[in-house]
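Below, read A as the first sequence line, B as the second, and so on, with proteins coming before strands; counting in each chain starts at 1.
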2 protein chains.
Amino acid sequence: MALTREQLIDAAVGILSEFGLADLSMRRLARELDVQVGALYWHVKSKQELLVDVAAKLLDSVPRPATPTPALAPLSIAALLRQLRSALIAVPDSAEVMQLAQSMRPESLDPMGWLLEFLQLAGVPQNDATYARHVLVNHLLGSIASHQEAVALSAEAEPDTVSTEWEESAFDYGVRVILQGLALEHPAVV
Amino acid sequence: MALTREQLIDAAVGILSEFGLADLSMRRLARELDVQVGALYWHVKSKQELLVDVAAKLLDSVPRPATPTPALAPLSIAALLRQLRSALIAVPDSAEVMQLAQSMRPESLDPMGWLLEFLQLAGVPQNDATYARHVLVNHLLGSIASHQEAVALSAEAEPDTVSTEWEESAFDYGVRVILQGLALEHPAVV
DNA sequence: ACCTGAACACCGTTCAAGT
DNA sequence: ACCTGAACACCGTTCAAGT
């Protein structure tokens with residue numbers, strides 16, 4: 001029976017997870033799905049649009065944390081960021097895909113909405129909360145991107161040389177520093 | 001007379017600045033320089049290698065700030081970050097190019113070395129300084145990337161709709177928050 | 001409604017052969 | 001030493017035509 005948009009997105013997630021963005025071409029996708037390339041364009045408008053859906057799918061496994069009390073909001077934020085990191089870290093080039101989705105259709109990424117919500121709950125005023133979210137998301141995606149570029153480069157040279165540990169410490173350190181800075185900037189935040 | 005590597009890099013910077021990474025192809029570069037594509041590969045090993053040199057060139061205009069006293073180091077860091085931002089903000093896709101260079105040949109980017117130096121000068125211990133630099137650089141490149149994606153998208157829709165102001169405030173806010181967080185994490189930092 | 005076949009206008013990289 | 005010509009193995013997107 002007929003190909004569906006869902007199948008297309010799932011196949012794209014599969015190729016991305018296994019081989020990375022360089023191998024995720026419309027032609028390869030078509031081959032994998034046993035259709036001609038043109039067929040894909042009946043289901044999606046463009047490759048970019050497809051990638052936005054791929055990005056959303058990558059975050060599907062991240063559950064919405066329970067709404068915290070103001071005092072606990074920073075902890076929920078840290079927890080959510082760790083969840084996002086672990087959902088993305090094993091998928092090659094996921095940071096790049098997320099960045100595209102964020103600028104093309106930010107509303108399609110639910111967890112980013114939660115992040116904003118929790119920041120406000122913690123006591124960060126409306127306007128600064130969107131700034132603060134930017135800082136946190138830049139850190140999240142930046143950390144993932146540099147981890148993945150390190151993996152990609154060492155895979156070409158000597159495989160299995162990347163210390164996952166260092167990257168994780170660096171990530172946690174950054175989250176801690178940023179949250180502390182927010183507390184200082186906004187006295188309402190604990 | 002013969003083409004030089006410098007000419008190649010300069011032409012690449014030119015195309016990037018005017019048209020962005022999507023238009024910076026080896027074939028286009030060859031056309032611009034009145035040679036066949038193959039000729040480029042006598043001067044550079046690959047497009048990636050060329051992009052690393054392009055990244056370094058983009059930072060050539062950033063001067064090394066005078067070595068500050070420990071108390072003034074955070075100010076120098078903020079100043080350096082602003083300089084880096086203004087060197088890159090007008091060049092489309094510069095954040096992407098910088099990220100590649102950073103993972104492929106970090107030592108080719110002098111200002112990143114200075115950043116580390118100033119962080120240590122400010123009182124951040126050796127190990128944490130590299131973490132801290134990561135946080136700052138992620139913020140720098142992330143801010144630039146999202147600004148540029150916004151510009152690219154609005155250029156397709158309604159031109160001149162991007163408020164440069166918002167992006168600048170967001171950037172400064174982030175730098176401030178991170179530096180404050182560092183001061184809290186490391187009591188030696190003012 | 002959904003897909004094929006075929007085309008259009010591109011890519012990065014390699015390499016024998018020329019000068 | 002430096003470059004040409006030509007090939008290899010790819011891209012994303014469009015669209016008339018088929019079922």
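- Scanning for side chain to side chain contact (heavy atoms under 4.5 Å, CB included) contacts around B:Leu116 gives B:Gln120, B:Ala129, B:Thr130, B:Arg133, with sequence neighbours left out.
- As a whole-Å value, the separation of B:Gln48 CD from C:dT13 C1' is 13 Å.
- Among the atoms of the strands shown, only primed sugar atoms or phosphate atoms (P, OP1, OP2) are found under 4.0 Å from some heavy atom of A:Ala2.
- A donor-acceptor pair shorter than 3.5 Å cannot be found between the side chains of A:Glu167 and A:Ser143.
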Enumerate all atom pairs, one protein N or O and one N or O from nucleotides 10-12 of chain D, separated by less than 3.5 Å.
| unit_1 | atom_1 | unit_2 | atom_2 | d |
| --- | --- | --- | --- | --- |
| D:dC11 | OP1 | A:Ser25 | OG | 2.9 |
| D:dG12 | OP1 | A:Met26 | N | 3.3 |
| D:dG12 | OP1 | A:Lys47 | NZ | 2.9 |
| D:dG12 | OP2 | A:Met26 | N | 2.9 |
| D:dG12 | N7 | A:Arg27 | NH1 | 2.4 |
| D:dG12 | O6 | A:Arg27 | NH1 | 2.9 |

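- Taking 4.0 Å as the cut-off between side-chain N and carboxylate O, A:Glu32 and A:Arg27 do not count as a salt-bridged pair.
- Note on B:Gln36: every side-chain N or O is 4.0 Å or more away from OP1 and OP2 of D:dC3.
- Separating the P atom of C:dA9 from that of D:dC10 is a span of 22 Å, rounded to the nearest Å.
- Taking the six-membered ring for Trp and the full ring otherwise, the centers of A:Trp166 and A:Phe171 sit at least 6.0 Å from each other.
- Nearest nucleotide to the side chain of A:Trp42, out of D:dT4, C:dC3, C:dC2: C:dC2.
- Partners of B:Leu40 under the side chain to side chain contact (heavy atoms under 4.5 Å, CB included) rule, at least two apart in sequence or in another chain, are B:Leu3, B:Leu8, B:Met26, B:Leu29, B:Ala30, B:Leu33, B:Val35.
- Every side chain to side chain contact (heavy atoms under 4.5 Å, CB included) that A:Thr67 has, sequence neighbours left out, goes to A:Arg64, A:Leu121.
- Ion pairing between B:Asp172 and B:Arg85 fails under the 4.0 Å rule for side-chain N and carboxylate O.
- Dashed line: the shortest gap from a side-chain N or O of B:His43 to OP1 or OP2 of D:dA1 is not under 4.0 Å.
- A distance of about 13 Å separates the C1' atoms of D:dC3 and C:dA16, rounded to the whole Å.
- Whole-Å rounding puts the B:Leu3 CG to D:dC2 C1' distance at 9 Å.
- Sorted by first and then second residue, the ring pair (Phe, Tyr, Trp, His ring centres under 6.0 Å) pairs with a member in residues 28-71 of chain A form an empty list; sequence neighbours excluded.
- Stems are defined here as 3 or more consecutive Watson-Crick or G-U wobble pairs with pairing distances under 3.5 Å; those involving DNA chain C are C:4-8 with D:12-16, C:12-16 with D:4-8.
- Using a 3.5 Å distance cut-off with no hydrogens or angles, the side chains of B:Gln102 and A:Ser146 do not pair a donor with an acceptor.
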